[in-house]
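Note sheet for the following structure.
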Amino acid sequence: MVLNLVNQETDNLSWRIGGPQGSGINRIARLFARACATQGAELICRREYHSNIMGRHSYNDILMGAKSAHCHRESTDILVSFDPETLARHALMVTDKGCVLHSSEDADVPLGRLAYLDERLREDLTRRLEAFNLPPSTGGLLQMINQKGVQSFAIPYGQLLTKLAEAVDKPRQWVAAAQNTLAASVSATLMSLAQETLEEAIETAFGGRKDLVELNHQAMLIAYNYTREHISWKGPSIPVNESPGERLLINATQGVALGKLAAGMGFQSYYPISPATDESTFLEAHAGAPLDNGQTSGPLIFQVEDELAAINMASGAALTGARSATSTSGPGFSLMSEGLGWAGMNEVPLVVTLYQRGGPSTGMPTRTDQGDLQFALNAGHGEFPRIILASGDVTSCFYDAAQAFDYAEHYQLPVIHLLDKALTSTLQTIPLPEPSQISIDRGERDIKSSQSLQGVKRFQLTDSGISPRPVLGDPNGQHWTTGVEHSEQGQVTEDPVLREAMMEKRARKLELAAAEIPVSEKLEILGDEASEFTLLTWGSNKGAVLDAMQRLADSGISARAVQLRLLWPLPADELMAILSESSPSVMIEANFSGQLNKLFQQQIGRGCDYVILKYSGRPISGEALFPALMDIHTGSAEPHIVLRNSFE
Amino acid sequence: MVLNLVNQETDNLSWRIGGPQGSGINRIARLFARACATQGAELICRREYHSNIMGRHSYNDILMGAKSAHCHRESTDILVSFDPETLARHALMVTDKGCVLHSSEDADVPLGRLAYLDERLREDLTRRLEAFNLPPSTGGLLQMINQKGVQSFAIPYGQLLTKLAEAVDKPRQWVAAAQNTLAASVSATLMSLAQETLEEAIETAFGGRKDLVELNHQAMLIAYNYTREHISWKGPSIPVNESPGERLLINATQGVALGKLAAGMGFQSYYPISPATDESTFLEAHAGAPLDNGQTSGPLIFQVEDELAAINMASGAALTGARSATSTSGPGFSLMSEGLGWAGMNEVPLVVTLYQRGGPSTGMPTRTDQGDLQFALNAGHGEFPRIILASGDVTSCFYDAAQAFDYAEHYQLPVIHLLDKALTSTLQTIPLPEPSQISIDRGERDIKSSQSLQGVKRFQLTDSGISPRPVLGDPNGQHWTTGVEHSEQGQVTEDPVLREAMMEKRARKLELAAAEIPVSEKLEILGDEASEFTLLTWGSNKGAVLDAMQRLADSGISARAVQLRLLWPLPADELMAILSESSPSVMIEANFSGQLNKLFQQQIGRGCDYVILKYSGRPISGEALFPALMDIHTGSAEPHIVLRNSFE
Amino acid sequence: MDDSNKLALNYKDYQSDRINDWCAGCGDHGILRALEKALAEMGLPRDQVAAFGGIGCSGKTPYYLNTYGVHTLHGRVLSFATGAKLANPSLNVIAMGGDGDALSIGGGHFINTGRRNLDMTYIMFNNGVYGLTKGQAAPTLQPGDKTKSMAQSNIQGQLNPVLLALVSGYTWVGRGYAYDVKTLTGLIVDAIRHPGIAFLDVLQPCPKYNDLHTKSWYGERLYDLSKVGHHSLISTDSEEQLAEEIRIMALIRAREWGERIPTGVFLQDLSRPEFQEQIGQLQPAYSAQPPSRQTISDEMGKSMVDLTTLFENLRVS
Amino acid sequence: MDDSNKLALNYKDYQSDRINDWCAGCGDHGILRALEKALAEMGLPRDQVAAFGGIGCSGKTPYYLNTYGVHTLHGRVLSFATGAKLANPSLNVIAMGGDGDALSIGGGHFINTGRRNLDMTYIMFNNGVYGLTKGQAAPTLQPGDKTKSMAQSNIQGQLNPVLLALVSGYTWVGRGYAYDVKTLTGLIVDAIRHPGIAFLDVLQPCPKYNDLHTKSWYGERLYDLSKVGHHSLISTDSEEQLAEEIRIMALIRAREWGERIPTGVFLQDLSRPEFQEQIGQLQPAYSAQPPSRQTISDEMGKSMVDLTTLFENLRVS
Ligand SMILES: Cc1ncc(C[n+]2csc(CCOP(=O)(O)OP(=O)(O)O)c2C)c(N)n1
Ligand SMILES: Cc1ncc(C[n+]2csc(CCOP(=O)(O)OP(=O)(O)O)c2C)c(N)n1
Ligand code: SF4
Ligand code: SF4
Ligand SMILES: [Mg+2]
Ligand SMILES: [Mg+2]
């Protein structure tokens, strides 16, 4: 199925800014988002960028509303463009009543001159323009969208920068970086953003540097003036939540980092990798989170030589009783397979935060994917228990990251916390998380001291499978751990009977987890609980599903959604019950083969009636999901649906 | 379910020798096997040993018959023991009419004195002896088995060695190592092995060293004389195949190595690891296999710094067009996850030979397991096609190892050849393999030369998914490969449309494989094809299944077996058809969770009616399988059956 | 390391009652004994010592000690040990493993551990072969060497562990001999006492697989650096030029191999700050509340972490 | 390497038409240019050159060359390159990657590659940071250094790539500077021509993330070894004592960093046999029929391998 992008009326407003990587797009988008949020908007932002430092195309969306949208839109209402490539990539995604703000210089650039434009897209655009008898250039594209009602305005950034240089009395080159601020300020004017609010945001963003604050302040003034004088179009106002409450504006990596701090994590090792690095970098900058007993403490965040070191150091730290984690993405996780098995064999409470990105291999480092589920389920040779949980939105990142340590320590096993790149690029206003709500479960500890030379029974055979845990450094707590099959005392054994007992013991912990963990921690039911039209999903698709359900409801169609949080042990009984009352059931995943659906087949004996997938490296949106679900509802859909959008 | 070991009449004869590792047990067992085979016996040998260099217990079985047995027995007819520990571990496994040959010194050693005996086993034996009012010692055990009819003979090795020292005129210490030969010769006498045959075997084994040949020759004479004089018991004669044909006596690592040579492998990298190393070591010693065009060539076998290097070097070599492989076991395979994904992404024909051993983690390095299937299916982040095949016996090791390269080159993807430790320890007489029967399929090559600076279309989008392959060094064949998502020319791309096309293209190759590979290469149907009583299995269990089916047939029960060779892509349609005509269906696996059965559930939507598992690190035998199948046949079995034997 | 709680213990007090399954005559026995004696000499409380082993014959050493024992993964022993030491600085951490473990599969960790002057000790069992996998060449073997289970003679070069440790930044670098338990004991004590990352290369005959580097081979070749006036100590206040000369002399001595093989201490560099002190400077609470000692929840089991300040920067209102 | 088929090509002939996405001013541009010029100077046929890249900004280099190009995995470039060279000895193999790639995640391969004197060239782009992941510290950074995107200053020690290469056994070891294309070109030619394993450390400013090691920082410090009478060559017939002196002088020079940074050739050791020659001695057919050139099946597609002799030893009858 090919998605037909529909422009539609929405109660939210999408602002998009695009341009070459490294030119400050991301920074200005965050500044603008902060200003809009301060004005009272609830917002959700999306970011797309290439695996490159400078020059290739990147863009940020800010979708704002009086209440928080669940997910980004693929179309946009206002497009702010810094280069002709952005026009080429996004012009056709602007909604009918929308507007384009571009640089005057880009008004008519032949597509053939855009070095970084994918050949495929160039050809596609050329064909489309030809059909309208338009030239293959940005000019042609602008004409095309103007014809359907989109406004476009050429902003003479060059002139404005010259003016700015004069205003601050600095060389033209020095002020060039403020082009972003000019652009944001033009938007701000059109969208009636209070000048003070933008000023404040500038102040926050450029903090200490007085000269920069002044520069950007002047840029803002120049842009406000220019806009009032030259643009008559009245843009939509920034929507405002009248009673916003206390909110944070954060993304998933920050949510996870905050959750880890709240949970009292003591140690995190990492090796840089996109998109996981941001979490560790954020933690490094804020590791000294204060305890409320007045003492300042916080975790040690440690950049190591590779991911093999990362996971094994984290295990080493966990053995001493510290709450311990490592954070990575696909290639790094591949290298962790062996260490994961060691942690499983030695019943080490260890949290592995896995940010999925486009695979296989180096793949698409800065694009999203949910292609690592089956690998996470099976990584490491041999058989050992693990818990896998996945977060669906920024707020749950916080709570899930914290609870992952509880699972790890209670069941003494590695916990894999699955996220995806889409979430890391989702910057969102969320209600203030409450660390004080977090209960901490450190699991059963062994506080007896060893009398015998054989040491403490670290791996005592118990009914629950859980052996009270001594840690390195306990007084008289000497014991042995080993990746070799072992006795209760951690002695190497090849005895067949003991071997069987240990395999069974370790496996029992997972049965216990399946029985003990409350349903509410396993899955979340959203939408109309009574509906049989059931959407099942995991991870960042949650937002798209909520959004699409809203659209269905608006069309008078009720549906419910099951957002799966605990992926392993899979809540098979609960899901079985749900599936037996579903008609139709629809699995929604951002990967190629429908990995959760496969897991359903394996564990429940049946998959869903329909599977909707997307594997272009871009996240699923409610906008794209909705028509697919409508087709399912009307019975005109194939069971295997692929969402595609050639402009993302 | 706990296995009750039954002694039973068999048409084959089991000889077992046990003692401390490093004392030459394995060497003498191979020598004796060779002699028996030369006399005309068909045989299958099993070996069990600890992960230790010297001192811990190890044993070898030789099961001989007029025709080849399919699998080892857990019980034995003749036990040759060198130390009291062997008596403790094996006495109760000797069949009722069997015999024990032990050292006089071991006739009455308290179990408490056996340092290496597992505590669990010591307690178990003590309890059993107590029940018979016998002392907890080897003496007690011998009495116990004597009572049920087992013969036992104490051999005065000390005296015989003194005699031997005199005979060869060497110090007593120098001749000590010949104790093995004394023991083998006692057995040979009892079992009517022709003296010349044993002599010949000694000659072969000690090759160049005249002094050793003489030593062992003398030992043989002394033992023959001693036995004739002092042991009146008439042992069973070595069974003889009257028309044996040309045979090899080899195990799985040798089978695989020979298959690789026959297939023209050019490069193999490896890092030492049990039980995989033996294959590479064998290859290193015999790499210069002659081509029949008279030139001597053969592969380069290369010991590298780790498994990361091993897989990536093999990929590098494969890129030049050489048939390339690496060989490893669980921990090494874990480290290969990332490299496997690179090979998948770059469509590199690469063979990974994976010898499964007891996991997780370091696990049980010298014990068997089939616990890596799900990992092999999913190793590496992201989604990419691979082929997985598993061999069931020594002969198929040869042909499968060879054909793995055909699959790899035809479909341009990594092929994982799964084996297990049980097979590597299976030494067997097999009909001479025929390299000349092997057809070689090198896949579609690109021989056009590149005209453009963009290079050859290495990843050309084709209907089949297969792109004709250029290799490094082709004249004018410059092209690019990369682990990043790429265009047809191997250029980095993040274009959503191209991304989708490439994911689909790579996946198509697997659909093609599923369609093209003939059923006969996917699975083998054994036994009574018309029967609905269907046993399904993979890997080394094949022998046990054949053996058990024979036993069923002897009891008038017909059954058929499906030995699965192609595990991925799983022959779902074929299996579905089989399962729909099966009643009951029984899955037999040597792992904890029934991994193939899980795969059935996932891909076919249903598992088998019964699952029989063993996960003690020891292989399944027909002897143990038979009663379990009988229970299933009579309807008295649980659906989940675990085979256990506390004496292995 | 910290031996302020010194106890009066005999070396036997450091032995576990596990059965040792090394071959008779293996150099590993001597290293184990020297280690027990070193611990006894220092009187370290057994529950303040954590022994980490790699995978190989050598890697089994922690089983035989009555301290904390962690049997890790092939090549990864330094990572596990580092994690534990960073999380619990009061542990005396001793990492051990074979030469294959250290330089081949663990080579990356070997050199990167030198970058962190963490107060821990690494003892490498240098037997020239892969013992536990039956005698393949280890990277310490010289080109041309052919031990008994090798099919052909070695054509790969030798990695010199002492040289490698020196250039990677280890601040105490020494070499001992497994059959000389007395001297070895002293070296181990020295290495453990050194307030930084210590590397001790122990020449360890493997009578089972290495028939080249035997007792008699070593016998003629070994000499003691302290007997030839080798100056190994750089103190906190050594002049930089002198320090550089000492470093270079250590490199020159380390290159010796073959006819004359130096043992003893090549270098002890006290001029570089210890790693955990450095962490403490960047993150002041670390020293008092290292990861393993943080109290993270109150009596009600609620998180005690207060994120107010942090939230401040991320808040919008 | 083998430049017998020398062609008359211009450096532009070695450029692919791919778009280069390095930052403006990045030292990588200079290295690429020097490489193109070196290939042109040697006139190497493009289809006899295989360029391998690691992962990082640096790792993208093969894309920009019109030779065979293989973009491998982070830290693994030497393994892929080694495999290809061993299988097809007639390829001119050039491996390239960043300093993180080489010394951190790839450290184990780095030192073990030195053990094999394979005729190939490894060029390390030394920018002190992890470029592509946005400026974290690389192991080449000195303790105390703090580049702009680091939250705190570096407390890990520096790995000195030249020193490490020397002690690992590389037989040609040099250092160049990315902004001095002319000299760098010469060094690359030299490295490629060297009949053994060559390691070239290239100081590569990263204007985006490394604000410490800039053009002006290097400007004052760099000096040319050939200008100070450094003797780097050990020839096939050098006396062992002289050779040892040269090796030690190379170590001493290599230790210099900070105020004075040597560039040029530290060591070229021709006394060690090339690796593929050594293989050829153990396995005589290897040279004539290396893995990539074996004909393994006849016209009918049947295997041409005759296992008769091998079967002989395993046969029973
Ligand atoms: C990832 C991995 N690869 C391979 C092995 C197999 N293995 C076990 S011990 C060993 C080498 C032992 O040699 P060394 O480190 O020198 O220790 P030694 O036995 O000589 O003391 C190897 C390769 C393993 N356990 N894990
Ligand atoms: C296994 C793995 N871990 C992490 C990464 C992420 N990564 C990509 S490039 C890079 C570091 C680049 O630094 P360097 O090697 O110095 O190259 P430079 O970009 O500076 O040229 C890292 C860590 C990866 N691709 N694979
Ligand atoms: S194999 Fe060698 S290293 Fe291992 S225990 Fe035996 S003698 Fe020691
Ligand atoms: S980030 Fe640094 S190394 Fe990478 S391209 Fe930019 S300047 Fe060059
Ligand atoms: Mg060793
Ligand atoms: Mg770098």
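Letters A, B, ... are given to chains in the order of the sequence lines, protein chains preceding strands, and every chain is numbered from 1. In this text the structure is predicted, and so the values were computed from the model without any measurement.
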- Query: Given that the side chain runs from C-beta out, which part of F282(A) has a heavy atom under 4.5 Å from chain C: side chain, backbone, both or neither?
  - Reply: side chain
- Message: So I440(A) and I296(C), do their side chains get closer than 4.5 Å, heavy atoms only?
- Response: yes
- Message: If I take atom CG from residue N346(A) and atom OG1 from residue T72(C), how far apart are they, to the nearest 0.5 angstrom?
- Response: 10.0 Å
- Item | Q254(A), part contacting chain C, at a heavy-atom distance under 4.5 Å | side chain
- Note on the structure: Cut-off 4.5 Å, heavy atoms of chain C, and the answer for A263(A) is backbone
- Task: For residues D306(A) and H109(C), determine if any side-chain heavy atom of one lies less than 4.5 Å from a side-chain heavy atom of the other.
- Result: yes
- Item | Residue pair L73(C) / E338(A): nearest heavy atoms and the distance that separates them | CD2-OE2, 3.6 Å
- Query: Would you say the side chain of L261(A) lies within less than 4.5 Å of the side chain of L310(C), judging by non-hydrogen atoms?
  - Reply: yes
- Item | Short side-chain to backbone donor-acceptor contact, T320(A) and N88(C), under 3.5 Å | no
- Are the side chains of R116(C) and F302(A) in touch, meaning some heavy atoms are under 4.5 Å apart? yes
- Query: Can you tell which of D474(A), T204(A), V484(A) has the highest number of heavy-atom pairs within less than 4.5 Å of chain C?
  - Reply: D474(A)
- Message: Can you give me the closest heavy-atom contact between Q478(A) and T67(C), atom names plus distance?
- Response: CG-C, 3.6 Å
- Message: Using every non-hydrogen atom in the two residues, find where A87(C) and A322(A) come nearest and quote the distance to one decimal.
- Response: CB-CB, 4.2 Å
- Task: Flag the one option from P290(C), G59(C), P62(C) with the top tally of heavy-atom pairs under 4.5 Å to chain A.
- Result: P62(C)
- Query: Considering only heavy atoms from C-beta outward, does the side chain of V304(A) approach that of N112(C) to under 4.5 Å?
  - Reply: no
- Message: Is P470(A) in contact with chain C via its backbone, its side chain, both, or neither, using a 4.5 Å heavy-atom distance?
- Response: neither
- Item | Residue selection (most heavy-atom pairs with chain A, distance under 4.5 Å) from V49(C), N313(C), D47(C), I55(C) | D47(C)
- Please report the closest heavy-atom contact between A309(A) and S79(C), naming both atoms and the distance. CA-OG, 3.4 Å
- Message: Distance check, rounded to the nearest 0.5 Å: L319(A) atom CG versus S292(C) atom OG?
- Response: 11.5 Å
- Query: Are K302(C) and S436(A) linked by a side-chain donor-acceptor pair shorter than 3.5 Å?
  - Reply: no
- From the list A51(C), G69(C), G53(C), the residue making the most non-hydrogen contacts under 4.5 Å with chain A is G69(C)
- Task: Rounded to the nearest 0.5 Å, what's the gap from CE on M304(C) to CD1 on I438(A)? Could you check?
- Result: 14.0 Å
- Task: Report the option among T38(A), L300(A), I250(A), L249(A) that has the most heavy-atom pairs separated by less than 4.5 Å from atoms of chain C.
- Result: L300(A)
- State the NE2-NE2 distance between H486(A) and H71(C), to the nearest 0.5 angstrom. 12.5 Å
- Message: Counting only non-hydrogen atoms closer than 4.5 Å, does L314(C) touch chain A with its backbone (N, CA, C, O), its side chain (CB onward), both, or neither?
- Response: both
- Task: Could you look at T308(C) and say if it's the side chain, the backbone, both or neither that has a heavy atom under 4.5 Å from chain A?
- Result: neither
- Closest non-hydrogen contact found for F80(C) with S315(A) is CE2-CB, 3.6 Å
- R18(C) NZ/CZ over W480(A) ring centroid, <6.0 Å and within 45° of normal: yes
- To the nearest 0.5 Å, atom CE of M313(A) lies from atom CG of L78(C) at 8.5 Å
- Going from CZ on R315(C) to CZ on R247(A), what distance comes out if it is rounded to the nearest 0.5 angstrom? 11.0 Å
- Message: Side chains of T481(A) and Y68(C) only: does a donor on one sit below 3.5 Å from an acceptor on the other?
- Response: no
- Query: Quick one: of E305(A), R442(A), E246(A), who has the most non-hydrogen atom pairs under 4.5 Å with chain C?
  - Reply: E305(A)
- Message: Using side-chain heavy atoms (C-beta onward) and a distance below 4.5 Å, is V70(C) in contact with L472(A)?
- Response: yes
- Message: For a quick test of reading the model, state the closest non-hydrogen atom pair linking Q283(C) to A287(A) and the distance between them.
- Response: NE2-CB, 4.2 Å
- Does the side chain of P435(A) reach to within under 4.5 Å of the side chain of F311(C), using non-hydrogen atoms? yes
- Where on L258(A) is there a heavy atom nearer than 4.5 Å to chain C: the side chain, the backbone, both, or neither? both
- Query: Are Q294(C) and R323(A) close enough that some pair of their side-chain heavy atoms sits under 4.5 Å apart?
  - Reply: no
- Please flag which part of M265(A) lies under 4.5 Å from any non-hydrogen atom of chain C: side chain, backbone, both or neither. backbone
